[in-house]
*Asks:* 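After the structure tokens below, expect a handful of questions from me.
Reckoned from all heavy atoms, side chains included, excluding hydrogens, waters and symmetry mates. Atoms within a ligand are numbered from 1 in the order they appear, just like the ligands themselves.
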Amino acid sequence: MAFTDLSIAMDAKMLPIQEIAERAGIPGEALEQYGNYKAKINVDLLPPAENLGKVVLVTAISPTPAGEGKSTVTVGLADALKQLEESVMVALREPSLGPVMGVKGGATGGGFAQVLPMEDINLHFTGDIHAITSANNALAAFIDNHLHQGNALNIDPRRITWKRALDINDRALREVTIGLGGPAQGVPRQDGFDITVASEIMAVLCLATSLEDLKERLSLMVVGYTYQKEPVMVRDLGVEGALALLLKDAFKPNLVQTIEGTPAIIHGGPFANIAHGCNSLIATQTARRLADVVVTEAGFGADLGAEKFMHIKSRKGDFHPDAVVVVATVRALKMHGGIVKTELAEANHEAVRRGMVNLAKHVDTIRQFGIEPVVALNRFVTDTDAELAEIFSWAEAEGVQVALTNVWEQGGKGGLELAKLVLQEMERPKDFVRLYDETDSVEEKLRTIVQKVYGGADIQLTDAAQKQLAELKKFGWDELPICMAKTQYSLSDQPKLLGRPEGFTITVREIMPKLGAGFLVCLTGDIMTMPGLPKQPAALKMDVGADGKAIGLF
Ligand code: ADP
């Protein structure tokens, strides 16, 4: 039988989670076990840390729909660093059932570079995402109950911006009508669903620094507007305490292990195309308290996850990455070189050469932040020597460091060269700069992202977005960072414009204030905050045996 991620994960021998906690220096009283191999960490009971560990951020080129192996490289790199006797931890996002059941697959790495127990982590894990869904929908219920019970706040039902949420791709729920059936069933109004990873509560949980901060952020979330067009916040409804209570355990980071027994924290899971794309700040900071080096990942290409890591997450946490790894694959380079998805397995070194422009742009982007990136060339068995040679000759000409990485097949051993380059880069002094200040105008911030990160020409705001911007300014909400919602396939807002498009304009069609998260979501192109399932969802291959074991989970 051919190896699959699931078969490799099931054959791997896991250590009891107490042993992993011991390795990480987590005292027994700070460990709340969820079975034998998962635990939550009570960060209040951790010993104080003298120094915080360094941060290695793993990002990628613009990906194919299958993903280019960021999670795989993140895990493999951490295992390689452990083999080099570094004190290291992994910090990753929690998988969402949307991609698990849909097209992309899970988010626990692959091959011999995985976090375990992969089937638990990919399905319900410790219930965090369900808790976020519950808190999100409890808030929706409180809003509708408020309307039904006399609407003391004078909320305009047509201007409620808070949507319901579900952690699955379900296009039929994008627009719904609720409250039908007469006065006893509430107030009829138009509503909609977002996927849970796009809920502001997910972002709040991922950026909060303490339970108190979580509650404060929840209280600031805007749920809609009154008939006088004044904003209504969670604190006006008085339910931030109830929401924080629903989230109290979800807020604690989860501890698991890699196949090679490296401690890993998996916590929070916003997508990088429709949300801010990084695991929770508390997970990264907890890992930094426990280890000298933390390897963490930001979703999709460097134009999305890494840009938001630099401008949102690390700004809130007041740190910056000490090294950045850009994952590239031959197949994605061929796609950017004009090859259709069904022919990516066929050798074509000229297409690789043409596609290098996409990787070059992402390398250039990381350099603009004052960090010299290391490219991890994630090797697939189908890669040919001629294709790999194209990448190495480009790297030599451009002075870019590249490590051929084979962690999928070999675990940490396949990432030793990458680990050595990362360690060198980590030690090098750097002048880190963010590309925009929060106090820049919204238009300036958008233009900076489009020109410097996407390589485009300009921005354009639709009439609706301009109106929203005027409102934002009126309420004094414009001095917040931007969270772009953009396709992951292209540097532009057109999924089919591959490679390194130039001269394009990005159209912002909606600007949504997320005051709890502390950013402004700008929707571009036809990106949706509730995705749909593909014609052949991954779910069709899934099953469970009579012994309770998962089947067909990638
Ligand atoms: P990303 O984090 O960039 O989305 P993942 O690490 O989740 O990507 O990998 C996506 C899928 O590709 C996983 O199923 C993984 O097993 C597979 N994969 C990654 N790297 C390799 C490789 N070098 N060879 C074969 N399959 C791989």
Side-chain angles (χ1 to χ4, degrees), residues 2-10 12 57-80 90-96 98-116 118-119 121-122 197 258-259 264 266 269-273 277-279 295-306 309 325-333 335 341 344-345 359 362 375-384 387-388 391 403-415 418 488-489 538 541-542 552-554:
F3 282 138
T4 63
D5 290 349
L6 181 63
S7 73
I8 293 169
M10 280 184 160
L57 174 67
V58 179
T59 179
I61 62 170
S62 306
T64 67
E68 299 331 297
K70 272 187 319 297
S71 311
T72 307
V73 170
T74 303
V75 173
L77 171 59
D79 285 339
V90 175
L92 281 177
R93 284 175 298 163
E94 300 186 39
S96 154
V100 167
M101 294 288 158
V103 63
K104 156 80 184 58
T108 48
F112 288 90
Q114 292 191 58
V115 277
L116 305 174
M118 82 83 110
E119 62 279 32
I121 301 170
N122 277 314
V197 292
T258 70
I259 287 184
I266 303 201
F271 288 170
N273 52 352
C278 322
N279 64 261
V295 188
T296 189
E297 168 239 31
F300 296 128
D303 53 329
L304 289 164
F309 187 94
V325 172
V326 180
V327 178
T329 58
V330 162
R331 69 177 179 189
L333 290 167
M335 184 183 75
K341 268 176 262 169
L344 292 179
L359 175 58
H362 292 297
V375 172
L377 183 48
N378 178 19
R379 180 164 206 167
F380 277 64
V381 284
T382 43
D383 298 348
T384 64
E387 288 171 329
L388 297 173
I391 301 162
L404 191 58
T405 306
N406 204 358
V407 295
W408 191 89
E409 211 177 306
Q410 299 178 348
K413 193 165 142 250
L418 174 67
Q488 66 269 33
Y489 298 122
K541 299 201 185 102
M542 292 178 194
L553 197 61
F554 346 113

*Asks:* Are Glu409 and Val381 side-chain neighbours, meaning at least one heavy-atom pair lies under 4.5 Å?
*Replies:* yes

*Asks:* Give the single entry among Phe380, Phe300, Phe112, Phe3 that approaches atom 25 (C) of ligand 1 most closely by any heavy atom.
*Replies:* Phe380

*Asks:* Could you state the interatomic distance from CD (Glu68) to CG (Leu377), rounded to the nearest 0.5 Å?
*Replies:* 11.0 Å

*Asks:* Is Gly69 in polar range of ligand 1, meaning some N or O pair under 3.5 Å apart?
*Replies:* yes

*Asks:* Mark the output for Glu297 as yes if a heavy-atom distance to ligand 1 is under 4.0 Å, and as no if none is.
*Replies:* yes

*Asks:* Considering only heavy atoms, which of Lys70, Arg93, Gln410, Arg379 lies nearest to atom 1 (P) of ligand 1?
*Replies:* Lys70

*Asks:* Looking at Ala66, which atoms of ligand 1 are within less than 4.0 Å of one of its heavy atoms?
*Replies:* 10 (C), 11 (C)

*Asks:* Using 0.5 Å steps for rounding, measure from the CG atom of Asn273 to the CZ atom of Phe300.
*Replies:* 4.0 Å

*Asks:* In ligand 1, which numbered atoms sit nearer than 4.0 Å to a non-hydrogen atom of Asp5?
*Replies:* 13 (C), 14 (O), 15 (C), 16 (O)

*Asks:* Is there a heavy atom in Phe554 that sits closer than 4.0 Å to ligand 1?
*Replies:* no

*Asks:* Working to the nearest 0.5 angstrom, can you tell me the gap between Asp383 CG and Leu388 CG?
*Replies:* 5.0 Å

*Asks:* Mind checking whether Leu344 and Met335 have side chains closer than 4.5 Å, heavy atoms only?
*Replies:* yes

*Asks:* If the cut-off is 4.0 Å to any non-hydrogen atom of Asn378, which atoms of ligand 1 fall inside it?
*Replies:* 19 (C), 20 (N), 21 (C), 22 (C), 23 (N)

*Asks:* Indicate yes or no: does an N/O atom of Glu68 lie under 3.5 Å from an N/O atom of ligand 1?
*Replies:* yes

*Asks:* Under a 3.5 Å threshold, yes or no: a donor from one side chain and an acceptor from the other, between Ser62 and Asp303?
*Replies:* no

*Asks:* To the nearest 0.5 Å, how far apart are OG1 in Thr382 and CD in Glu387?
*Replies:* 7.5 Å

